Amino acid sequence: MRSLKQRICSIIEETGPISLAQYMQLALADPQHGYYQRQEAIGAGGDFITAPEVSQMFGELVGVWAASAWLALGSPSPFLLVEAGPGRGVMMADALRAAASVPGFMEAVRISLVETSPAMIAVQRQQLAAHKKSTKWLARLDQAEDLPMILIANEFLDALPFRQYVKAGGAWRERMVATDANGDLCAVLGPAFASMPILPPGHQSEPDGSVFEHAPTREAFVAQISERLGANGGAALLIDYGHDQQGFGDTFQAVQNHAFADPFSDPGKADLTSHVDFAVLRQTAVEAGCHTSRIATQGDFLVAMGLAERAGRLGAGKDQLAQSKIRKEAERLVLPEEMGALFKVLALCANQNASAMTRLPPFVAGAKPNDASRNG
Ligand code: SAH
């Protein structure tokens, strides 16, 4: 059977170089050999660790957020709790355990998991076996029921395809994927664009070699959430690594076995992502008629949600070793030099729900994120 790399090479030979977005789609989502068909991708034994895998406290605080948002919305029943890209289902399991302590929440909730990978769905089914009756799997958000919605997503947006434009010889060109003389995959530059309306201000003075990243699929997803919130009411919490100001820079990365890898050497074997441009997504939501929070850092958000108190309660009555483990996990989630600053949190809600949400982080007015740089 031909490898995914061989298949991508023959697509390129037939049609010419493909965009990074097409490459990413093939490498991650191919139904047979795409990266997300690998159940073992996420977690300590996999290629990368996400926040819910670092500590149960992360998902629990997301659950507290969801339950608080539900109360602020007036406890609608039924309502949809949607997670986009649930991975191993750990965040949802932890979130539900925490939210279940709010009377009425579990009776009102209908869970919808937006997931495209059958391998991940199989893991999620096991993880969420206790919630079998109230859980549905959807391939796309537009298949969700028309109900008030609370949507959560962690490290989902970074997995959606993006494009790169590179300044070369004074003109912007798209970075494409081609094959070289050895039949290997490599990056090349496409023809120069006469005009590029998507470029942010200041692009004229960027030097050669400068890179601009654009992810229309991420914007479309946020627009879709915003429209649903406008129509049915609700709120959304988007957490991912990225920047809170639009800018230039190459953030394309391939990760395999907890280390950076060559994104082109073995498609389907490495996770491919780029940093999320939260400033653009916030703008997208506003243009789609939504109310948005500030762009908070994960550290600020988790502290505001009560991480320190949660860690204290979790450690109470345990021995020193267990307490020190809990403290280290909490630090990993919030310290700026760990996940605390690079990861950002953006919340959206329907305009009609804006005043009800004002006291919920990250809607609540507070300090600006201390990280305003492009790459955190
Ligand atoms: N949220 C999880 C997993 C992040 S990995 C965590 O924090 O651990 C990204 C997840 O999104 C995987 O489950 C992957 O299969 C899923 N995914 C990727 N692209 C998708 C798409 N277009 N639609 C739905 N799910 C997608």
Side-chain angles (χ1 to χ4, degrees), residues 21-63 66 81-96 111-128 136-144 151-162 215-222 224-225 236-242 253-256 258 268 270-276 298 301-302 329 332-333 339 342-345:
Q22 282 169 285
Y23 177 68
M24 204 168 160
Q25 183 68 23
L26 290 164
L28 295 180
D30 179 81
Q32 265 184 311
H33 302 295
Y35 181 72
Y36 284 121
Q37 305 309 326
R38 297 164 72 85
Q39 286 189 346
E40 67 281 17
I42 310 165
D47 291 314
F48 60 98
I49 292 195
T50 56
E53 307 274 340
V54 168
S55 166
Q56 68 182 77
M57 294 182 283
F58 183 83
E60 287 168 353
L61 292 177
V62 169
L81 179 61
V82 178
E83 181 175 359
R88 302 200 316 131
V90 173
M91 181 167 92
M92 183 57 93
D94 292 339
L96 289 170
I111 302 159
S112 284
L113 304 178
V114 180
E115 175 60 72
T116 40
S117 153
M120 293 289 176
I121 291 174
V123 181
Q124 293 155 17
R125 267 192 210 287
Q126 280 182 353
Q127 189 79 249
L128 295 163
K136 270 191 192 159
W137 276 264
L138 316 172
R140 296 188 318 267
L141 181 61
D142 61 13
Q143 297 167 340
L151 179 141
I152 54 180
N154 181 62
E155 288 209 37
F156 169 70
L157 293 164
D158 69 70
L160 298 180
F162 70 102
T217 326
R218 297 177 192 168
E219 289 167 34
F221 182 70
V222 167
Q224 205 184 2
I225 297 174
L237 186 70
L238 308 173
I239 308 174
D240 224 306
Y241 45 94
Q253 67 183 40
V255 169
Q256 192 170 3
H258 303 281
D271 187 32
L272 305 178
T273 64
S274 73
H275 289 196
V276 172
Q298 175 171 300
F301 172 73
L302 292 177
E329 289 168 355
R332 182 160 176 197
L333 293 174
M339 299 175 83
L342 175 59
F343 283 76
K344 307 289 189 300
V345 181

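We're numbering straight along the sequence, starting at 1. Here the structure is a predicted model, which means the values were calculated and not measured. First listed ligand is number 1; within each ligand, the first listed atom is number 1.
Asp240 contributes a side-chain N or O that, together with a main-chain N or O of Leu157, makes up a donor-acceptor pair within less than 3.5 Å. A distance-only check finds no donor-acceptor pair linking the side chain of Ser55 to the backbone of Glu329 [under 3.5 Å]. The closest donor-acceptor contact from the side chain of Arg218 to the backbone of Phe162 lies at 3.5 Å or more, if one exists at all. No donor-acceptor pair closer than 3.5 Å links the side chain of Glu115 to the backbone N or O of Ile121. Gln124 places a side-chain N or O within donor-acceptor distance of the main-chain N or O of Gly87, the cut-off being under 3.5 Å.
Contact detail for Ala29 and Gln37: the closest heavy-atom pair is O-NE2, 4.2 Å. Smallest separation of non-hydrogen atoms from Val54 and Met339: CG2-SD, 4.2 Å.
With a heavy-atom cut-off of 4.0 Å, Met120 touches ligand 1 through its side chain alone. With a 4.0 Å cut-off on non-hydrogen atoms, Leu28 does not touch ligand 1 at all. When heavy-atom distances to ligand 1 are checked against a 4.0 Å cut-off, Ala29 has no atom that comes that close, whether in backbone or side chain.
Of the candidates Pro161, Ala159, Gly87, Gly87 brings a heavy atom nearest to atom 3 (C) of ligand 1. In this structure, of Ile121, Asp158, Thr50, the residue bringing a heavy atom nearest to atom 8 (O) of ligand 1 is Thr50. Between the choices Tyr35, Phe156, Tyr36, the shortest heavy-atom distance to atom 5 (S) of ligand 1 belongs to Tyr36.
Of the N or O atoms in Gln124, none lie within a sub-3.5 Å distance of an N or O in ligand 1. Looking at Gly85 next to ligand 1, an N or O pair under 3.5 Å apart turns up.
Those atoms of ligand 1 that come under 4.0 Å of a heavy atom in Ser117, given as number and element, are 15 (O). Under a 4.0 Å criterion applied to the non-hydrogen atoms of Glu155, ligand 1 contributes the atoms 4 (C), 5 (S), 9 (C). Ligand 1 places these atoms under 4.0 Å from at least one heavy atom of Leu160: 22 (N). Remark: ligand 1 atoms within the under-4.0 Å shell around heavy atoms of Val114 are 24 (C), 25 (N). Every atom of ligand 1 is numbered from 1 in the order shown, and the set under 4.0 Å from a heavy atom of Pro52 is 7 (O).
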For this session: Determine, step by step, whether Ile111 and Leu96 satisfy the side chain to side chain contact (heavy atoms under 4.5 Å, CB included) criterion, reporting the C-alpha distance in whole Å, the side-chain angles of both residues, the deciding distance to 0.1 Å, and the verdict.
Result: CA-CA 10 Å; Ile111 302 159; Leu96 289 170; 3.6 Å; yes
Problem set entry | Verdict with reasoning, Leu151 to Leu238, per side chain to side chain contact (heavy atoms under 4.5 Å, CB included) | CA-CA 8 Å; Leu151 179 141; Leu238 308 173; 3.9 Å; yes
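A heavy-atom distance below 4.5 Å is not found between the side chains of Leu302 and Met57. Side chains of Glu53 and Phe48 form no contact here, defined as non-hydrogen atoms less than 4.5 Å apart.
With respect to atom 26 (C) of ligand 1, the closest heavy atom belonging to the protein is Thr116 OG1, 3.4 Å. Taking atom 7 (O) of ligand 1 as the reference point, the nearest protein heavy-atom neighbour is Asn154 ND2, 2.8 Å. In this structure, atom 13 (O) of ligand 1 lies nearest to the protein heavy atom Glu115 OE1, 2.6 Å.
Ligand 1 has no atom lying under 4.0 Å from any heavy atom of Met91.
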